[in-house]
Amino acid sequence: MGSGDNDSRAMWLQIKGAFWQGIGAGILMAIAFMAGFLYRQYVFAPPTSHTSFRLLSEIDALLEQYYLYELPDEATRIHGAAKGLVASLNDPYTFFVEPQTADVDATNLAGRFGGIGVEVTRDEEGHFVIATVYPDNPAAEAGLMVGDIIVAVDGVVMDTSAADMNQLLSAVRGEIGTPVTLTIQRGTQTFEVRLIRAEVLIPSTFWRVVEQDPRVGYIQITRFTERAPEEVRQAIAELHDQGVSAYVLDLRDNGGGLVDAAIRITGEFLDGGVVLYEQRTDGEQVYNAPRGGSALDAPLVVLINNGTASAAEIVAGALQDRGRAVLVGQRSFGKGTVQTILTLSDGSSVHITTAQWFTPGHHPIAAQGLTPDIAVEPAQGEDTALLAALEVLAAQLGQARERVHRIGRVSSVMSFN
Amino acid sequence: MSESALQPKGGFRRAALFVTLGIVLSGAIFASGVMTGIVLDSKLLRGANLQPPTLPNIAALESSGQPQTAEEEVDMTTFWEVWDTLEDRFYYELPSPQERVYGAIEGLINSLNDPYTSFVSPEVARILEEDNSGTFEGIGAFVEEAPEGGVYIIRVFEGGPADKAGIRAGDIIIAADGVDLVEKSLQEALLLIRGPAGTSVTLTIVREGVPEPFEVSVNRARLDIPTVETRMLEGHIGYVLLYDFNARSSERLRTAVRQLMDQGAEKLILDLRGNPGGFLDEAVSIADLFLPEGTVLIQRDVDGRTREYTSHNGDFAERIPLVVLINEGSASASEIVAAAIQDNERGTLIGQTSFGKGAVQLQYTLSDGSLLRVTYAAWFTPNDESINGRGVTPDIAVEMPTEPAGADPQLERAVEFLQTGH
């Protein structure tokens, strides 16, 4: 009996032990299962709520089932959806590019302005006539010729009564890789040409000693290309050798280019220190000018107009905020956002506005543009902004009353901000 | 001794074995949790395909129309990459997820390149629903989008709120209650102009010959959308104009024709000029009013199914001599009626070649109240001809001159035809 008792008791204990072990194991398994389940939700779950996602897949499924004609292939539909998604952001600089055209963008052209590679003049009636077609650029490849008249850009007829070419320039220029459609008049025929904007491959820096005042060197930068910093350094060196002691830096109609080049060029005039702040969703990055520039002290005027954009605005903005230069001309374009190009798994890419630029004084470049210290409107027949710049420099250089007097007539078109 | 020496060793081994087994087992169970999640998830997503469409109010679904599940999952990777990247990196504030999804849907639908397959947001869907019901609450005017932006008044309802407030044809509404309409779509503008009966809206109007925009306050009312207009012409000719094919069109047309015949009309002109169409069922009923037993149209859908819509004997207007006026603004349902009358040799078409829309859309109300219209079938005339892209050719072609204003040689020709028989 006693042993039987012991036996049944031992068995009971065993069963009880097994039971609790079973429960314990079960709980552990359940925890493991739940952990796995939850893990998936965080790692593999579609990145938005089911309701939004459902609507899109609901519609795709309905189309697949009921659409009468042949549906475009899946990739085209997905790209269509991606384009629509990006379009809903309403940011002209954020866009989606399908695989075939994505290659054109290379990789790091973000935030760069492109053109079509022509020089344009006006005829007596004010028409915009192509004067130069640079080889290997979009316009040349599309067969545009000297003498062609640009009537309209993207369907907008260009105002032939305007004093300057700003309307044309701002319409033709834009982000590299984006399309622009020109309406061209050649002789009696009128036709449309669709071009993809690209970086224009021509020398970007031009310089000379100013005729009216040989103490002043004039440096024009048309684009911040990879070679531009070298070209500017060379310009300063040559002008310095010719006895120049002040500079006019002409950034009018400079649509930008490489930010790095812009920063290096700023370093010719500023000895280190902040050139720009780049603010992203996740913080701010500071870009400093390199030290050891070759024109750190010479009086400096920067010419800007509403074709001055992007990287050109970085240079002008930094020189203005740091008190290094006087800005003369018109308010700049205001392209102060940064685009990042991200290549996706299927080879398509998306250009996204990821950051915004601020000048050293924390003024945003976007939208507003830079306000010139001295506002000068362009006029036909003479370079009013350059004349105003010379007057500023003459005053800074001193003992130049005679010259000031000679060019003093421009004061009528000057107003001070 | 040897036993006790061995025991702990064996215990370690066993313990190690248990731990290893435990880890492997937990791992397996963890993995099964992951898999369950994935399977459940894909079922959920696929569930979207299984949801039957609601409210197919242009044409009834075949009763056997159990939607099939899409064979393959659509690979949305690229889309989600864009979605994620934007959430991650886009500098400015993103629109709401809903707006972004609507944008994506627009993009998806644009990729089809079919002008008739469209997506309608819930707000605009409300306007369309109201329009289709035959009554609405608003100011009482026919409008279209002005080319330079704003809402162009084509015509005001006689005696309606807009008419009473002095709004005239040709006026352009550029703001409603101070909100600019120039940049808005017509539907967005209508949402602001319309509103509950009894309330008022202040409209900013641009009128030719008036130098500055001016403001007018209009008291909104509940109004019938004019569907039919009738006139008795000389020679016992009844004239009936049908504006569109809304849910009450066939009923109102039937009443109008009945009244004209009761007043002594012996011949009839049905004016479908500028009528953009509407519900298929209404077109079939209207064709049936004039046709004895016969075919109204043949529809072929995406699955290759053919459906014939027929007319039946016994309507009061099956024998009255009939002319149908059409022009390039007569589309869709208008073309169904016109082609049915022509192919059945029931009447004579006079005017200009019609628009040429031979596709039928199904309309679905989606989970959030938005609408999807999908081109799901093509229709053919009783003689089995497609009018898509071609239009219905009138028996007697008459152009419409722009000068002088008010002249209507097409109507005159119709009267002449009914009077002389040629």
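Just so you know, these numbers come straight off a predicted model, no measurement behind them. The basis for the numbers below is simple: all heavy atoms, side chains too, and nothing from hydrogens, waters or symmetry mates. In the text below, chain A, chain B and the rest are named by the order of the sequence lines, each starting its count at 1.
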*Provide the closest heavy-atom pair for A/Ala82 versus B/Val82 in the form atom of the first, atom of the second, distance.*
CB-CG2, 4.1 Å
_If you count heavy atoms of other groups shown closer than 6.0 angstrom to CD of B/Glu183, is the number above 12?_
no
*Roughly how far, to the nearest 0.5 Å, is CG of A/Leu85 from CH2 of B/Trp80?*
8.5 Å
_Where A/Ser88 and B/Gly103 come nearest, the two heavy atoms and their spacing_ = CB-CA, 4.1 Å
*Side chain / backbone / both / neither for B/Ile105 at chain A, heavy atoms under 4.5 Å*: both
*Count the heavy-atom pairs under 4.5 Å between each of A/Val350, A/Asp282, A/Leu342, A/Thr281 and chain B, then report the option with the highest count.*
A/Thr281
*Option that, when pairs with chain B are counted at under 4.5 Å, heavy atom only, ranks first among A/Leu28, A/Asn90, A/Ile31, A/Asp91*: A/Asp91
*Contact origin within B/Glu99 toward chain A - heavy atom pairs under 4.5 Å*: backbone
_Working to the nearest 0.5 angstrom, can you tell me the gap between B/Thr117 OG1 and A/Ile59 CD1?_
11.5 Å
_Among A/Arg280, A/Lys83, A/Met29, residue most engaged with chain B (heavy-atom pairs, under 4.5 Å)_ = A/Met29
*Taking all non-hydrogen atoms of both residues into account, name the closest pair between B/Tyr91 and A/Gln279 and its distance.*
CE1-O, 3.0 Å
*asked:* Under a 4.5 Å cutoff for heavy-atom pairs, which residue among B/Leu372, B/Leu86, B/Asp368, B/Thr85 has the most contacts with chain A?
replied: B/Leu86
_Spatial distance of atom CD (A/Gln339) from atom CZ (B/Arg89) [nearest 0.5 Å]_ = 11.5 Å
*Could you pull out the closest heavy-atom pair between B/Ala359 and A/Tyr69, with the gap in Å?*
CB-OH, 3.9 Å
*By salt bridge (charged side-chain N to carboxylate O under 4.0 Å, His left out), which residues pair with B/Arg300, not counting sequence neighbours?*
B/Asp384
_Validation row: B/Asp301, A/Tyr66 side chains within 4.5 angstrom (heavy atoms)_ = no
*Between B/Ala104, B/Gly107, B/Ala377, which shows the greatest number of heavy-atom pairs under 4.5 Å with chain A?*
B/Ala104
*Sub-3.5 Å donor-acceptor pair from the side chain of A/Glu58 to the main-chain atoms of B/Leu366, do we have one?*
no
*How long is the span from the CG atom in A/Asp346 to the CZ atom in B/Phe79, to the nearest 0.5 Å?*
13.0 Å
_Please find the pair of heavy atoms, one from B/Val302 and one from A/Gln65, that lie closest to each other, and give the distance._
CG1-O, 3.6 Å
*State, to 0.1 Å, how close B/Ser111 and A/Pro72 come at their nearest heavy-atom pair, and which atoms those are.*
O-CG, 3.2 Å
*Distance (rounded to the nearest 0.5 Å) between B/Arg373 CZ and A/Leu62 CG*: 15.0 Å
_Heavy-atom contact with chain B under 4.5 Å, split by part of A/Ser345_ = both
*Run the side chain to side chain contact (heavy atoms under 4.5 Å, CB included) check on A/Thr353 and B/Phe90 step by step: do they pass?*
CA-CA 6 Å; A/Thr353 300; B/Phe90 188 58; 4.1 Å; yes
*asked:* As an exercise, state the distance from CD of B/Glu81 to OG1 of A/Thr343, rounded to the nearest 0.5 Å.
replied: 10.0 Å
*Looking at A/Ala25, A/Ala81, A/Ala75, which one has more heavy-atom pairs under 4.5 Å with chain B than the rest?*
A/Ala81
